[in-house]
Enquirer: 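Below is one structure. I have some questions about it.
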Amino acid sequence: MAAKPHQVAFDPREFLAMVGEGKTIVEYRKDEVVFAQGDAADTIYYVQKGRLKVVVISEQGKEAVVGMLEPGQFFGEGCLNGHSLRIATTTAMEACLVTAIAKIAMLAALHSEPKFSELFMAHLLTRNSRIEEDLIDQLFNSSEKRLARLLLLLANFGKEGSPQPISPNISQETLAEMIGTTRSRVSFFMNKFRKLGFISYNGKIEVHSSLLNAVLYDKPEIQREP
């Protein structure tokens, strides 16, 4: 009896890193738009390299940064939930490498590959938790503490490996938009954090563990607004 051919185990990250049916790999330059608010929504994206920002524009023309994307994250998945048009604009903040997956190919992979479904489900659960935490942050914390939490998130505190420096491509204007305050307030708090030894500048922003301790234990330096 002939031996059955060896079947290679499905690797979801390898699947996302390769060109295939319904999949393309796209490079984006800094400030290049992946898709704009109002565009047709028929593709899901996965970040291989680089960071992108998600911006929503109101009818009055006011812009708000509502999210930051980094390697290992999906975006544009709203088209799987019936969104025919994009509800936000996604722009590269630095050179990025992104996998674009046609909606039909994404659905096929989710139906046929359990490991890929698990990866995508983990992404959705993580994003849902982040949105809930962001809402609580906006409702109950001061802008100073919101900035401290955002810096910790951008530096990947709490994830595997050492905290990462924050790219200089993330401007104080972007930080201000993400926490709902002004650039001048962000500048004031950043200088305060630097003087307290919570952060340092060396081309990039280095976030120190003392900032995490200040947030966790609500030290006087970072106070809640009444």
Side-chain angles (χ1 to χ4, degrees), residues 37 47 50-58 60-75 78 87-94 123-226:
Q37 189 171 324
V47 186
R51 279 183 167 171
L52 306 97
K53 65 178 178 180
V54 183
V55 176
V56 173
I57 305 173
S58 72
Q60 293 74 33
K62 184 177 180 180
E63 293 188 5
V65 178
V66 296
M68 197 86 69
L69 301 164
E70 57 186 22
Q73 291 185 314
F74 291 90
F75 64 101
I87 61 174
T89 297
T90 303
T91 307
M93 302 182 70
E94 57 196 32
H123 156 77
L124 294 178
L125 292 172
T126 299
R127 175 164 296 181
N128 187 60
S129 295
R130 172 69 186 274
I131 291 171
E132 289 177 350
E133 290 168 359
D134 286 348
L135 178 59
I136 292 169
D137 196 31
Q138 289 286 344
L139 289 173
F140 296 111
N141 286 333
S142 67
S143 54
E144 182 179 11
K145 194 166 184 180
R146 292 201 301 272
L147 176 61
R149 175 176 172 267
L150 178 58
L151 293 174
L152 291 167
L153 287 169
L154 292 174
N156 291 327
F157 262 88
K159 295 187 178 181
E160 293 182 5
S162 302
Q164 301 297 310
I166 299 173
S167 169
N169 291 329
I170 301 175
S171 66
Q172 290 189 356
E173 287 87 351
T174 298
L175 294 174
E177 289 173 352
M178 293 190 73
I179 64 171
T181 190
T182 62
R183 183 195 173 281
S184 61
R185 293 297 287 164
V186 167
S187 178
F188 173 79
F189 293 139
M190 292 289 278
N191 286 329
K192 180 178 177 180
F193 292 167
R194 182 176 54 79
K195 290 175 182 176
L196 290 167
F198 294 162
I199 63 174
S200 58
Y201 295 101
N202 185 20
K204 298 181 179 180
I205 301 171
E206 301 276 352
V207 179
H208 303 152
S209 58
S210 54
L211 180 62
L212 178 62
N213 291 332
V215 171
L216 289 176
Y217 301 109
D218 213 9
K219 290 185 178 180
E221 294 92 340
I222 298 181
Q223 298 179 352
R224 292 176 179 269
E225 292 173 352

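Below, each value reflects all heavy atoms present in this structure, side chains not excepted, and no hydrogens, waters or symmetry copies. Here the structure is a predicted model, which is why all the values come from computation and not from measurement.
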Enquirer: Please test F75 against V54 for side-chain contact (heavy atoms from CB on, under 4.5 Å), starting from the C-alpha separation and ending with a verdict.
Expert: CA-CA 9 Å; F75 64 101; V54 183; 5.8 Å; no
Enquirer: Using a cut-off of 6.0 Å, state whether more than 12 heavy atoms not belonging to N202 lie near its atom CG.
Expert: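 Result for CG/N202: open.
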Enquirer: Return yes when atom CD1 of I87 has more than 12 non-hydrogen atoms of other residues, nucleotides or ligands closer than 6.0 Å, and no otherwise.
Expert: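 Incorrect, the count does not exceed 12.
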Enquirer: Show the nearest heavy-atom pair for residues M190 and I205, with the distance to one decimal.
Expert: CE-CD1, 3.5 Å
Enquirer: Could you list the residues that satisfy side-chain hydrogen bond (donor to acceptor under 3.5 Å, both in side chains) with R194, not counting sequence neighbours?
Expert: none
Enquirer: I'd like to check K204 versus I166 (side-chain heavy atoms, cut-off strictly below 4.5 Å). Are they in contact?
Expert: no
Enquirer: Taking it one step at a time, do E144 and F189 satisfy side-chain contact (heavy atoms from CB on, under 4.5 Å)?
Expert: CA-CA 6 Å; E144 182 179 11; F189 293 139; 3.6 Å; yes
Enquirer: Quick one: are the ring centres of H123 and F74 less than 6.0 Å apart?
Expert: yes
Enquirer: Using a strict 4.0 Å threshold on nitrogen-to-oxygen distance, state whether R149 and D134 make a salt bridge.
Expert: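 The answer is yes: the pair qualifies as a salt bridge.
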Enquirer: Evaluate V66 against V55 for side-chain contact (heavy atoms from CB on, under 4.5 Å), listing each step before the verdict.
Expert: CA-CA 6 Å; V66 296; V55 176; over 6 Å; no
Enquirer: Looking at R146 and D137, does any basic side-chain N land under 4.0 Å from a carboxylate oxygen?
Expert: no
Enquirer: I need the single residue from V47, N156, L52 that forms a side-chain contact (heavy atoms from CB on, under 4.5 Å) with E70. Which is it?
Expert: N156
Enquirer: Output side-chain donor-acceptor pairs under 3.5 Å for residues 174-183, partner residues at least two apart or in another chain, one line each.
Expert:
unit_1: T174; atom_1: OG1; unit_2: S171; atom_2: OG; d: 3.2
unit_1: T182; atom_1: OG1; unit_2: S184; atom_2: OG; d: 3.1
unit_1: T182; atom_1: OG1; unit_2: R185; atom_2: N; d: 3.3
unit_1: R183; atom_1: NE; unit_2: E173; atom_2: OE2; d: 3.3

